[in-house]
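Structure first, commentary second.
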Amino acid sequence: MAPSKILNVQNKQSNTNVIRKGITTRSQNSALNNVLLKAPANGKESRVKRKAEASPPKEKTTKRSALGNITNAIGKTLGTHQTQEPKKAVKKTTVTQIKSFTQTSSIRTLEKGVIKPEVIPQKPKPVPRVKPIKKDEEKTEIPSKILNVRRSLDLEKSEDSSLYVSALEEITDDSTKKSRRSNIQTEEPEKTEVENESNEPQVPAKTQERSAAQLDAAPEQILPEGVQWDFDAENWLDPFQVSHYAMDIFNYLKSREHLFPIGDYMERQVCLSPWMRALLVDWMVEVQESFELNHETLYLAVKLVDLYLTKVTVVKETLQLLGAASLFIASKYDERIPPMVEDFLYICDGAYKQRALIRMEMSILKVVDFDLGIPLSYRFLRRYARCAKVSMPTLTLARYILEYSLMDYSTIRISDSKIAAAALLLALRMKDLGGWTSTLEYYSGYKVDDIRDIVHLLNQGLHRKETLTTVRNKYSHKIFFEVAKLPLKDTLDI
């Protein structure tokens, strides 16, 4: 135990000596400062080992063949200068840096500390600082070789492949000159185009506004006598009315009506009757109301049922399946968010399976030849009412008449455009708003003689007492202006 104590004592003494040597008082600091501030007697400054601001590294001083005649030191300092200095100092040119590196011998001797006063009695010249150069001088003094070196060094720092770096390093001055010439040649035609544009007379703002107004203005059309207004011209700038193409669209729909003929199919349908068809349509109206589907969906589904029954014989048990599949197809065609297959199976009270519904859907699409762009009477009615500027209660009454006629088997062979015009004329007569005007004749394309018999047929259907009251109850609501409660006309003066 004794030797350990002796060692501890010795260690403590040595530590205290070291601490005492490292501590300096204020008086000692002041004395040292005074000594340092005093100049030497012979008038020469004391040489202190000093390091250059951007000295080249000691280990890497060899040349690289890819850089040409420029030394590795210049290349490396360019790289270090770009990375270490802030962004504002990047504008300094490499020409001034080359001048600072001409005194490499004196800088290296300063680093090694081998300077002898006998050999070099003169005062060493301080390293000149780099002076900022104006922007105009930078453009004239930068040589092309240093620019190539700078590009190559930037590419070496990037993570690109070495093939691309070597290819860019080997670009000669001739290639750069050629590229400059090509750029100048490409810029010359652009200048000529600008000059040509400047030589052209400028169009004043008023004429530009007039030309824009002429483009937006509706084309002038010669209307027949008695037509009160041009509905499409009045709504020419309304994108929702599609006034540019509305007349052509409905003329096209009229031309397609003969492609979907519906015959008297009840003679071939042994298991069906007009009453059963009316019962199916009444159920489809109820489904449309409960699912809140569009009216176009209902009209298209009824059309699909009639087209299918015209060509295919159906058993009594599959009639409801036909109506559900037709509604399913029509909802996928007209609805933004159509109901699911499970919803249609649910409304059928589980009478059919999913496989049967999908098979019926495929069968309907094959019969129709996958052509669902069928002209619908509902679309024609809305067009005629808008062009005649009919009020909403009157249009709703016409819709009630048209939807009520869906259950009537005697109206299935009438074209949709004609039955829509007849429903609107009957609504106008029921409200004592006049008859068939020349404006309606112009936009519908039908005269009173073309639709007179259809109007009487629709009026008889409204007088018929039916036990199916879904449509009547639907249009007896306040939302539909209670149009189903309006008194009917016994005689029509048309």
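In what follows, residues are counted from 1 in the order of the sequence shown.
When side chains are defined from C-beta on, Y442 does not count as touching T437, because their heavy atoms never get closer than 4.5 Å. Contact of the M430 side chain with the L462 side chain is registered, since non-hydrogen atoms from C-beta on lie closer than 4.5 Å. You'll find the side chain of R429 stays beyond 4.5 Å of the side chain of V455, heavy atoms only. No side-chain heavy atom of L486 sits under 4.5 Å from any side-chain heavy atom of Y400. In this structure, the side chains of Q241 and F231 come closer than 4.5 Å at one or more pairs of heavy atoms. In this structure, the side chains of I412 and R277 come closer than 4.5 Å at one or more pairs of heavy atoms. Residues D408 and R464 meet the side-chain proximity criterion, which asks for heavy atoms closer than 4.5 Å. Contact annotation: the side chain of K389 approaches that of E234 to within less than 4.5 Å [non-hydrogen atoms, C-beta and beyond].
Within the 3.5 Å criterion, the main-chain N or O of L280 finds no donor-acceptor partner in the side chain of Q320. Side chain of D343 to main chain of M340: a donor-acceptor pair is present (N/O by atom type, distance under 3.5 Å, no hydrogens or angles). Judged purely by atom type and a 3.5 angstrom limit, N473 uses its side chain to pair as donor or acceptor with the backbone of T469. The main-chain N or O of L293 is found under 3.5 Å from a side-chain atom of Q288 such that the two form a donor-acceptor pair. In terms of modelled atom types and a separation under 3.5 Å, the side chain of S363 and the main chain of M360 share no donor-acceptor contact. Put simply, the side chain of Q269 gets close to the backbone of V312: a donor and an acceptor are under 3.5 Å apart. Judged by distance alone, the side chain of W229 and the main-chain N or O of T439 form no donor-acceptor pair under 3.5 Å. With hydrogens and angles ignored, the 3.5 Å screen pairs no side-chain donor or acceptor of N294 with any backbone N or O of E296. Using a distance-only test at 3.5 Å, with no hydrogens or angles considered, no donor-acceptor pair links the side chain of S331 to the main chain of P338.
Looking at L300, I364, D334 one by one, the single match for side-chain contact (heavy atoms from CB on, under 4.5 Å) with I329 turns out to be I364. Partner of Y475 under the side-chain hydrogen bond (donor to acceptor under 3.5 Å, both in side chains) criterion, out of E403, E482, K485: E403 alone. Among L488, I494, N459, the single residue meeting the side-chain contact (heavy atoms from CB on, under 4.5 Å) criterion with L426 is N459.
Closest approach of I451 and K418 over heavy atoms only: CG2-O, 3.9 Å. The shortest heavy-atom contact between L395 and V390 is N-CG1, 4.0 Å. Of all heavy-atom pairs spanning I419 and S377, the tightest one is CG2-CB, 3.7 Å. Between P393 and V483, the closest heavy-atom pair is O-CG1, 3.8 Å. R472 approaches A484 most closely through the heavy-atom pair O-CB, 3.5 Å. Of all heavy-atom pairs between T318 and Y352, the closest is CA-OH, 4.2 Å.
A 6.0 Å sphere centred on CZ of R268 holds more than 12 heavy atoms belonging to other residues, nucleotides or ligands. The neighbour count for K311 NZ, taken as heavy atoms of other residues, nucleotides or ligands under 6.0 Å away, does not exceed 12. Within a 6.0 Å sphere centred on CE of M362, heavy atoms belonging to other residues, nucleotides or ligands number 12 at most. Annotation for F370: atom CZ counts as buried by contact number, over 12 foreign heavy atoms lying within 6.0 Å. Residue-environment remark: CD (E342) exceeds the threshold of 12 foreign heavy atoms within 6.0 Å. Sparse packing is recorded around CZ of R359, with 12 or fewer heavy atoms of other residues, nucleotides or ligands lying under 6.0 Å away.
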Please test C348 against W283 for side-chain contact (heavy atoms from CB on, under 4.5 Å), starting from the C-alpha separation and ending with a verdict. CA-CA 10 Å; C348 293; W283 176 78; 4.3 Å; yes
Given side-chain contact (heavy atoms from CB on, under 4.5 Å), test L272 with V315 step by step and report yes or no. CA-CA 8 Å; L272 300 182; V315 189; over 6 Å; no
Between L457 and T411, is the side-chain contact (heavy atoms from CB on, under 4.5 Å) condition met? List the steps. CA-CA 8 Å; L457 183 63; T411 60; 3.8 Å; yes
Can you list the steps and then say if V368 with L304 is a side-chain contact (heavy atoms from CB on, under 4.5 Å)? CA-CA 8 Å; V368 183; L304 291 174; 3.8 Å; yes
Please determine whether side chain to side chain donor-acceptor pair (under 3.5 Å) holds for the pair D282 and T470, giving the CA-CA distance in whole Å, both sets of side-chain angles, and the decisive distance to 0.1 Å. CA-CA 6 Å; D282 184 80; T470 303; 2.8 Å; yes
Run the numbers on E335 and T297 for side chain to side chain donor-acceptor pair (under 3.5 Å), then give the verdict. CA-CA 7 Å; E335 297 294 327; T297 305; 2.7 Å; yes
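The ring pair (Phe, Tyr, Trp, His ring centres under 6.0 Å) search around F291 returns F344, not counting sequence neighbours.
By the 30° and 60° cut-offs, the orientation of the rings of H295 relative to F480 is perpendicular.
Aromatic pair Y409/Y265: ring centres closer than 6.0 Å. Checked against a 6.0 Å centroid threshold, the rings of Y384 and Y443 do not count as neighbours.
How far CZ of F260 is from OG1 of T310: 12.5 Å, rounded to the nearest 0.5 Å. Atoms CG and SG, on L424 and C387 in that order, are 10.5 Å from each other to the nearest 0.5 Å. For the atom pair CG (L468) and CD (E466), the distance works out to 6.0 Å, reported to the nearest 0.5 Å. Note that OG of S290 is 6.5 Å distant from CD1 of I347, once rounded to the nearest 0.5 Å. The OG atom of S417 sits 5.0 Å away from the CZ atom of F380 when rounded to the nearest 0.5 Å. The NZ atom of K254 sits 8.5 Å away from the OG atom of S415 when rounded to the nearest 0.5 Å.
The cationic atom of K332 (NZ for Lys, CZ for Arg) lies less than 6.0 Å from the six-membered ring centre of F328 and within 45° of the ring axis. Geometric assessment of K447 against the ring of W436 yields a negative cation-pi assignment under the 6.0 Å and 45° thresholds.
Salt bridge annotation for R386-D232: absent, with no cationic side-chain nitrogen under 4.0 angstrom from a carboxylate oxygen. The residues R379 and D416 are annotated as not salt-bridged, no charged nitrogen and carboxylate oxygen being separated by less than 4.0 angstrom. With respect to K474 and E286, no salt bridge is recorded, no charged nitrogen being found less than 4.0 Å from a carboxylate O.
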